[in-house]
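See below for the structure under consideration.
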Amino acid sequence: MAGWLALWWVWLCAALALGVVELVLPGSIFLGFALGAFAMALVVAFWAPVNVALLLALFAVLSLIAWVVLRLLFKRQSSGARIVTRDINDG
């Protein structure tokens, strides 16, 4: 398994697969994992640690960072919904 996780194109395929899953099941959950896998493809392309636990831990940390950044970016966008503070029946 360590051999497969040390290949950059495996992480790129995982990023694409998770991106497709995000398109099928929207909710911005899998997008963080897809960005984490893409970042892992870059990391493994330039520096390939052999330890499987280190690879998976790094993937988890990068996915968490991507998810937090996405939450902050999407939170800034307003849905355009009005907040009603006064009801017309309040005389």
Side-chain angles (χ1 to χ4, degrees):
M1 182 171 184
W4 286 97
L5 292 179
L7 298 172
W8 66 271
W9 58 268
V10 171
W11 289 104
L12 190 61
C13 291
L16 290 173
L18 288 166
V20 169
V21 170
E22 178 63 35
L23 289 173
V24 174
L25 302 170
S28 299
I29 299 297
F30 295 102
L31 189 58
F33 290 119
L35 290 175
F38 182 73
M40 279 300 296
L42 294 176
V43 167
V44 170
F46 295 110
W47 174 66
V50 182
N51 190 357
V52 176
L54 180 63
L55 283 168
L56 294 177
L58 190 58
F59 171 65
V61 168
L62 289 172
S63 296
L64 180 64
I65 290 170
W67 187 80
V68 168
V69 168
L70 287 173
R71 290 286 291 180
L72 292 174
L73 287 175
F74 290 145
K75 191 173 188 176
R76 290 186 193 149
Q77 295 178 355
S78 174
S79 65
R82 275 189 354 182
I83 298 174
V84 178
T85 58
R86 188 180 76 80
D87 190 11
I88 63 170
N89 296 324
D90 286 343

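Atoms considered below: every heavy atom in the structure, side chains included; atoms not considered: hydrogens, waters and symmetry mates.
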Inset, instruction - Start with the C-alpha gap between Trp67 and Phe33, add the side-chain angles, then the distance that decides, and say whether side-chain contact (heavy atoms from CB on, under 4.5 Å) holds. - result: CA-CA 8 Å; Trp67 187 80; Phe33 290 119; over 6 Å; no
Legend entry - Atom pair CE/CG of Met40 and Leu55 - distance to nearest 0.5 Å: 4.5 Å
Legend entry - Least distance between heavy atoms, Gly36 atom then Ser63 atom: CA-OG, 3.6 Å
Residues 7-27 side chain polar contacts: donor-acceptor under 3.5 Å, at least two apart:
{"residue": "Trp11", "atom": "NE1", "partner": "Leu5", "partner atom": "O", "Å": "2.7"}
{"residue": "Glu22", "atom": "OE1", "partner": "Ile29", "partner atom": "N", "Å": "3.4"}
{"residue": "Glu22", "atom": "OE1", "partner": "Phe30", "partner atom": "N", "Å": "3.0"}
{"residue": "Glu22", "atom": "OE1", "partner": "Leu31", "partner atom": "N", "Å": "3.1"}
{"residue": "Glu22", "atom": "OE2", "partner": "Gly27", "partner atom": "N", "Å": "3.2"}
{"residue": "Glu22", "atom": "OE2", "partner": "Ser28", "partner atom": "N", "Å": "2.8"}

Inset, instruction - For Leu54, check side chain to side chain contact (heavy atoms under 4.5 Å, CB included) against everything at least two apart and list the hits. - result: Trp47, Pro49, Asn51
Legend entry - In one Ile/Leu/Val/Met/Phe/Trp/Tyr side-chain cluster, 4.5 Å: Leu72, Leu64: yes
